Every structure is written in C-alpha cells, then in structure tokens.
Novice: 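Below are the structure tokens for one structure; questions will follow.
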Amino acid sequence: MKNEISQLVQASLQKLRQDGILPAELPADIKIERTRDKQHGDFACNIAMMLAKPARCNPRELAQKIVANLPALDAVSKVEIAGAGFINFFLTSGSCQQVIGKIFSRKEAYGLSQKGKGKSVQVEFVSANPTGPLHVGHGRGAAYGASVADLLEAVGFDVHREYYVNDAGRQMDILAASVWLRYLELCGEEIVFPVNGYKGDYVWDIAATLHRENGDELRHSQESVFAGLPDDEPDGGDKETYIDALIARANELLGESQYRQVFELGLNTILGEIRRDLEEFGVVYQDWYSERSLTSAGAVDKVIERLKLSGHVYEKNGALWFSSTEFGDEKDRVIVRENGQTTYFASDIAYHADKLERGFDRVIDIWGADHHGYVPRVKAALKALGDDDSKLDVLLVQFAILYRDGKKAQMSTRSGEFVTLRELRNEVGNDAARFFYVMRKCEQHMDFDLDLAKSRSSENPVYYIQYAHARICSVFRQMKEKKIQRDSERGQASLGMLAESHEADLMMALVKYPEVVEKAAMNHEPHQLAHFLRELANLLHTYYNAHAFLVDDDNLRDARLNLIDATRQVLANGLKLLGVSAPEAM
RNA sequence: GCCCCGGUAGCUCAGCUGGAUAGAGCAAUCGCCUCCUAAGCGAUAGGUCGGACGUUCAAAUCGUCUCCGGGGCACCA
C-alpha cells in the first residue's frame, strides 16, 4: 500500500515537472509514512514541505498542486492537506478487508517477503568459549541473534547461522589444567588452586567424570606437579606466567595423549552442555565452526603470510605485529607472540577472511558490547588483505542486568559464581526469557526483571500476547461446544459487515505486519516486532471485550470469526519469529 | 586521557535515516464479569525528552560542547 501511494505521488510530481511547475531536475525522495493520529488519515506524505524551498513556493500551495495531479486509486477514499503542508491519505474502509483472505491463503507464510532474495548472509552469534556454561549475558546474544537470523530468513535472505568454537587457544589449556588439578584433588592430592584457573563447580563435575573413568591413572604427586614452578599472584608472582608454567607441567607429566584426553573431556563436556542449552532455547545453527579446524587447515598461517605479503606486518620485541593503525585502529596488534604462539586475533583474522572467501553477500557478527574495541582491528585486517570490509556488520549487544526483588542479582565471573542461562530458563521459562531479551533494542543496557518475567499476570507482556492467541483458540472451542457451524466463505463474503472501529483497527494492524517484519529484519531490530505484537494483542483484547463473536447473525459471526482467525495466524507467525510459543490454551 | 552505549512519566522502555498535540506497559486512582478465559477492558492523573548553544519552515530526533551512569582501551580470549 505504501508503495502504491508512493507511486501516485511520483506520478503527480512527474506531471508537475512536465508542466514546468517544478524544475525538471528536482530530487524527490518520496517518503510515505503511517500516521500516528487517525485524524491525519492512514498515510501521510511530507514531500510538499521538502520541495517547497527548492521549488520556491509555499508548501501548502505546492501540496494543492500535487493533490490536484494525483491519479485515482480505489483504495484511497480521501486526500487532505493539513498542517504545514502534509498530504494525508485516507483509505476506504474496505481496502483492508482483503488482508484476511491473503492471510488465509498464505497461512504461516503471511509476512514473509522476497526482499533479500538471492542474497546470502552469515550470522555468527554467541560463540562463547567452551570453558564454562553459558550465562545470562550469552543468553541475550543468543535470543537476539536467533531472532535477527530468523527475521532475515523471513524476508528472503539465505541465512547461515554459525557458532565459532574457540577450541584451540590458551583458555582451553587453562580449562584442561583446571580439570586436571581438581582431578588430583579427588585423588587425594593437596592442591593450591591457581588464581587464574576456572573455579566453577562444573570443573569439579568434569574432574569427577575423569576420575570415574580413569581411576588414578592420571595421578601425579603434588610435589611433582608444583616443583620448580614460579610464584602465583598471591605469592608475588605473575598469574599468567604461573598458569602457563602449570600448563606446560601438565603436558610434561601427562604426555601428549593423556593431556589430550583431559583437554578433550573438558571441551566436549562443556560444548555438549552449550549445545543442549541453546537447542532447548530454540536456537539452532547450521554450523559449529571449529577454531582448531582453521589452524589445522593452515588457514591461520596462510593469512599471516598474506598479511606479510601485503607489507603491513613487522617484527618488534620478538613478536610479529600487524600495523592496524594504518587502517584506522588505535594501536598496532600482535599476531604472533614472542613465544611463537599465534594470538586469538590471528585466528579471528583467518576466520573472517574465510567467511568472505565462502562468498557470503553479508556477514554479521553479534558480539557483547565489551568487545567493541575489537571491531576496528578486524575491519583493519580485512582491509589489509584487500577484502571488502563493508560486507561485515558487527552488532554489539549491551549487558543485561538481572533484578530480583528490586535488587541486582549480578554475576561475578571471578568466583565462578554466575547466573547461568539454564538457571534463568528454569526460573522464568524459555518463552519469557526469549521475549524479554528481545524486547529491548540491543544497544539498550537492559534491566531484566526476573519477578516480572515469572509473573503469570497482566504485567507480563509475554503472557499478554500469548493470552490473546489462546483466547482466540478458546472462542473456536466454544463454537464447537455450542455446535455452531462455521462457514469461512460466507464470512469472506460478509466482511463488509465489519464496520466497527475495533475491526478496522485490527485489520489495519494485520496489513501492517509484513511492513513490521521487513523493517525489523533490515534494521536488525527484533524489538520492533515485539512491540507490534503487544499492540496487536491489545487490539484483540479490546475487541474481545467490546463485541461478542459468537453472535446469532450467521453472516456477521462468520465475518468476525474470520477476522480473529486471521489475527490468531499473525500472532502465531510473529511469536514464532521471536522463538516464543503460541499456546492454544493457558 | 581516548573510544562505544545509555540518560524521554514514579519505575521499565518505544519513538531517534528531522515532521502535526512526545507514546506504551507497570505502579497510582476510579469504574466494568447472570455474557466467547477478568492472565482481560475502559477512564483519570502523570513530562523543562539530562543541560547549553547551533543548523532548519520544523529538533526528543542532526552538529558542537558539557554533566551523570555503564562498558572498553593486553604478546587474554
């Protein structure tokens, strides 16, 4: 509808140009907006005000001329000029009715479009290190990423969802060492746990599995483990140096094969839990992309070579640096450490180069906002490699702060005590969690009210929307109980009887739905859909209270049933895009 | 010090690629179930859009400065 009106205005402007009333070369970016106030009709156009100055005439007069030259359109009942020069379009009451038939024929496909047809987009999100369970911060990225991906798919993009598994770096070695030390404690050795180790309870669990499956086979005396190591932080040493030495000692004592065994057990256990968590949360991936596979395929070495050839790397203090400042970064970055190990950044360059090599039209990374400083260096690397960094969008998700009883229920990674995603899901349920996470735009620091998310009352927007869906289903159950025969075609033929303002408002909202999906998708803003669904639910509840649906008049009843059936479909479609269920009864 | 995000009703937030009288929800007050789920609806009240200056016919929206809150500035990932 927006497009059709836009074309009317376009045609009128064209006519005015031909008649010499407007300069021929006048740029006209026609914007048709939905009005906020119904008094201003259904759509408004501000073009007259935009062109008034360049055309050197009074905006209201120009609006008059534009209106006078508008071609007719059946759906438009009235065009008015208002305010400083707005052109307001009023639609005929019948113009929205056809949406119901459209929804019936498209069903769960109503709202989908072809905007992104033929274009591929890769969406990488969560990608938490498999060194511990997902916490509530990851949950926001998961819910947001999943909805963004689903929205993009809804508007026709070929979407590839990916989780980058950091199964190679030093953090994984620290995990392996932590598991082994806990295992040694289970064996009865007395261990002073390193400051930098992973202290969460899940490490004990993995260690217990290790002990159960291997008995004392991996046991070494505490003396042999700690002999000759540098001091840990509490003793005045450096915790990083200390943990590296501890990892080296573990390798030495266990040997390659046993060390791998510990390492793999840690990785596989945690990754398995992460997969299960996300799956239960309704988050699916096409690919779990392993960092190790990147390394073993030589991709990291290859990309370092490419950077060397590009002339943007240099050696300093025994390390290899990438001069990212040449491409807008604040400082140069190390890609190969003094000890010969490549940095996480080096892997990430290889990974991003690989993404582009795979030929995606768009690449989207969804990161926690604490990584924002990382964006310029990744883009710098792509530029240095001669890749098109404009294909990459990095969406930063701000933190979520949990509140319980009006007080912060915050996590502290240090002690290993944090609220996990699983705890959150168990507490408030998947639906509430998915919806709450996505209710706020991602740049917004979010206050996640646990009590509100849990409450099964009107305060809770998730239940409010789901209730609207369930209520409609309930009406149809009532209909069957009362042995009322529904005739959908008769309803379609009687849509003209839907003359109440509640009905017009509801139909208009249904018409609007595809526009909302498209806008939410293109702007990566699922919260827009969340807000829309709340409005739609509100219109339904209002209508429900104002009018009975199961009335005696067969024609009117079937028309109304068609309207609420269509509403039910749209509620279900919208909730699905947000990963929230649409229950038939509550 | 530099960079990113936020500051809109008592609370949580929309609106921000400039448009008409700044909107929701919750909380508050008052109403509505012999009737399809009251997990609902209606009404009332609530605002110097953090502040200042600027650009514009028009600024919550754009620019500069400033104040407050959160985060980031590693040979960690």
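Quick note on labels: first sequence line is chain A, next is B, and so on, each numbered from 1. Everything quoted here is computed from the prediction, not taken from an experiment.
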Novice: Can a side chain N or O of Q444(A) be found less than 4.0 Å away from OP1 or OP2 on U12(B)?
Specialist: no
Novice: Identify whether any heavy atom of A468(A) sits under 4.0 Å from a base atom; if not, whether one sits that close to sugar-phosphate; answer base, sugar-phosphate or nothing.
Specialist: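 No contact.
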Novice: Reckon R471(A) has a side-chain N or O less than 4.0 Å from the OP1 or OP2 of A38(B)?
Specialist: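 Looking at the OP1 and OP2 atoms of A38(B), one of them is under 4.0 Å from a side-chain N or O of R471(A).
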Novice: When the distance from NE2 of H40(A) to P of U21(B) is rounded to whole Å, what number comes out?
Specialist: 8 Å
Novice: I'd like the C1' distance from C75(B) over to A14(B), given in whole Å.
Specialist: 45 Å
Novice: Within 45° of the axis and under 6.0 Å from the centre of the six-membered ring of Y464(A), does NZ or CZ of R534(A) qualify?
Specialist: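 Satisfied, under 6.0 Å and within 45°.
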Novice: Show the distances under 3.5 angstrom between N or O atoms of the protein and N or O atoms of nucleotides 57-59 of chain B.
Specialist:
unit_1, atom_1, unit_2, atom_2, d
C57(B), OP1, K53(A), NZ, 2.4

Novice: Calculate the interatomic distance between Y543(A) atom OH and C35(B) atom P; express it in whole Å.
Specialist: 20 Å
Novice: When all nucleic acid strands are considered with a 4.0 Å heavy-atom cut-off, which category describes H502(A): base, sugar-phosphate, or nothing?
Specialist: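 The answer is nothing, as H502(A) stays clear of every strand by at least 4.0 Å.
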Novice: Return yes if a side-chain donor-acceptor contact under 3.5 Å exists between N166(A) and E291(A), otherwise no.
Specialist: yes
Novice: Is A585(A) touching bases, backbone alone, or none of the nucleic acid, heavy atoms closer than 4.0 Å?
Specialist: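 If one applies the 4.0 Å heavy-atom cut-off, A585(A) turns out to touch a base.
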Novice: By salt bridge (Lys or Arg N to Asp or Glu O under 4.0 Å), which residues pair with R34(A), not counting sequence neighbours?
Specialist: E515(A)
Novice: For the backbone of L175(A) and the side chain of T131(A), can you confirm whether one donor and one acceptor N or O come within less than 3.5 Å of each other?
Specialist: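 Answer holds: no.
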Novice: Measure from the side chain of T35(A), starting at C-beta and using heavy atoms only, and say which of A20(B), A14(B), C36(B) lies closest.
Specialist: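 Closest nucleotide among those given: A20(B).
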Novice: Side chains of residues 429-441 of chain A: which donor-acceptor pairs under 3.5 Å do they make with residues two or more places apart or in other chains?
Specialist:
unit_1, atom_1, unit_2, atom_2, d
N430(A), OD1, R425(A), NH1, 3.3
N430(A), ND2, E280(A), O, 3.1
D431(A), OD1, S581(A), N, 3.1
D431(A), OD2, Q466(A), NE2, 2.9
D431(A), OD2, S581(A), OG, 2.5
R434(A), NE, L578(A), O, 3.4
R434(A), NH1, F281(A), O, 2.9
R434(A), NH1, G282(A), O, 3.3
R434(A), NH2, L578(A), O, 3.3
Y437(A), OH, V136(A), O, 2.6

Novice: Rounded to the nearest angstrom, tell me the gap between atom CD in Q528(A) and atom C1' in C13(B).
Specialist: 14 Å
Novice: Considering Watson-Crick and G-U wobble pairs with both distances under 3.5 Å, what does G40(B) pair with?
Specialist: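 G40(B) is paired, partner C32(B).
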Novice: When the nearest nucleotide of RNA chain B is assigned to F476(A) and to N46(A) on a heavy-atom basis, which residue is associated with the more 5' position?
Specialist: N46(A)
Novice: T542(A) side chain: which of G42(B), U37(B), C13(B) is closest?
Specialist: G42(B)
Novice: Find which nucleotide of RNA chain B each of F448(A) and Y544(A) is nearest to by heavy atoms, and output the residue with the more 5' nucleotide.
Specialist: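 Its nucleotide being nearer the 5' end, the pick is F448(A).
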Novice: What string of B, S and - do you get for nucleotides 70-77 of chain B 5' to 3' if you count protein non-hydrogen atoms under 4.0 Å?
Specialist: BBSSSBSB
Novice: When you measure from the side chain of R36(A), which nucleotide among G25(B), A20(B), C16(B) comes out closest?
Specialist: A20(B)
Novice: What does G10(B) pair with, Watson-Crick or G-U, if both distances are under 3.5 Å?
Specialist: C26(B)
Novice: Which way is the base of C4(B) turned, syn or anti, if we draw the line at 90° from 0?
Specialist: anti
Novice: Under a 3.5 Å distance rule, please check whether Y513(A) uses its side chain to pair with a backbone N or O of L529(A) as donor and acceptor.
Specialist: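 Checked: no pair found.
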Novice: Measure up the F327(A) and F322(A) rings against each other and bin them: parallel (under 30°), tilted (30 to 60°), perpendicular (over 60°).
Specialist: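 The arrangement is parallel - the two ring planes meet at less than 30°.
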Novice: Just the rounded figure in Å: distance from P of G23(B) to CG of L539(A).
Specialist: 17 Å
Novice: Please work out if S474(A) contacts a base, only the sugar-phosphate, or nothing of the nucleic acid, heavy-atom cut-off 4.0 Å.
Specialist: base
Novice: Just by distance, do the side chain of N460(A) and the backbone of A453(A) share a donor-acceptor pair under 3.5 Å?
Specialist: yes
Novice: Could you check which of U37(B), C4(B), U12(B) has an atom nearest any side-chain atom of Q478(A)?
Specialist: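 Minimum distance to the Q478(A) side chain belongs to U37(B).
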Novice: So, using side chain to side chain contact (heavy atoms under 4.5 Å, CB included) as the criterion, who are the partners of Y403(A) when residues are at least two apart?
Specialist: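 Side chain to side chain contact (heavy atoms under 4.5 Å, CB included) list for Y403(A), sorted by chain: I401(A), K408(A), D447(A).
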Novice: Taking only residues two or more places apart in sequence, or in another chain, which ones meet E503(A) in a salt bridge (Lys or Arg N to Asp or Glu O under 4.0 Å)?
Specialist: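 Per chain and number, E503(A) pairs via salt bridge (Lys or Arg N to Asp or Glu O under 4.0 Å) with R560(A).
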Novice: Expressed in whole Å, how much space separates the P atoms belonging to G25(B) and C67(B)?
Specialist: 37 Å
Novice: To the nearest Å, how far apart are L533(A) CG and C13(B) C1'?
Specialist: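 Value for this atom pair: 17 Å.
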Novice: May I ask you to evaluate whether Y464(A) reaches the phosphate of C41(B), defined as a side-chain N or O under 4.0 Å from OP1 or OP2?
Specialist: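 Yes, because at least one side-chain N or O of Y464(A) sits under 4.0 Å from OP1 or OP2 of C41(B).
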Novice: Rounded at 0.5 Å granularity, tell me how far OG1 in T325(A) sits from NE2 in H312(A).
Specialist: 10.5 Å
Novice: With a 4.5 Å limit on heavy-atom distance, are the side chains of K239(A) and D232(A) in contact?
Specialist: yes
Novice: If I take atom CG in residue L396(A) and atom P in nucleotide G6(B), what distance separates them, rounded to the nearest angstrom?
Specialist: 11 Å
Novice: Please report the distance, rounded to the nearest Å, between CH2 in W367(A) and C1' in C3(B).
Specialist: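 Computing the W367(A):CH2 to C3(B):C1' distance gives 15 Å.
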Novice: Whom does C65(B) pair with, Watson-Crick or G-U wobble, provided both distances fall under 3.5 Å?
Specialist: G51(B)
Novice: Using a cut-off of 4.0 Å on non-hydrogen atoms, how would the nucleic acid contact of N88(A) be classed: base, sugar-phosphate, or nothing?
Specialist: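 Contact class for N88(A): base.
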Novice: Whole angstroms only, please: what is the CD-P distance between E443(A) and U17(B)?
Specialist: 12 Å
Novice: For G47(B) versus C2(B), give the span between their P atoms, rounded off to a whole number of Å.
Specialist: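 After rounding to an integer number of Å, I get 37 Å for this pair.
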Novice: Looking at every strand, decide which applies to A44(A) at a 4.0 Å heavy-atom threshold: base, sugar-phosphate, or nothing.
Specialist: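 Base, at least one base heavy atom under 4.0 Å.
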Novice: Is the phosphate of C32(B), meaning OP1 or OP2, less than 4.0 Å from a side-chain N or O of N545(A)?
Specialist: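 N545(A) to C32(B) OP1/OP2: no side-chain N or O under 4.0 Å.
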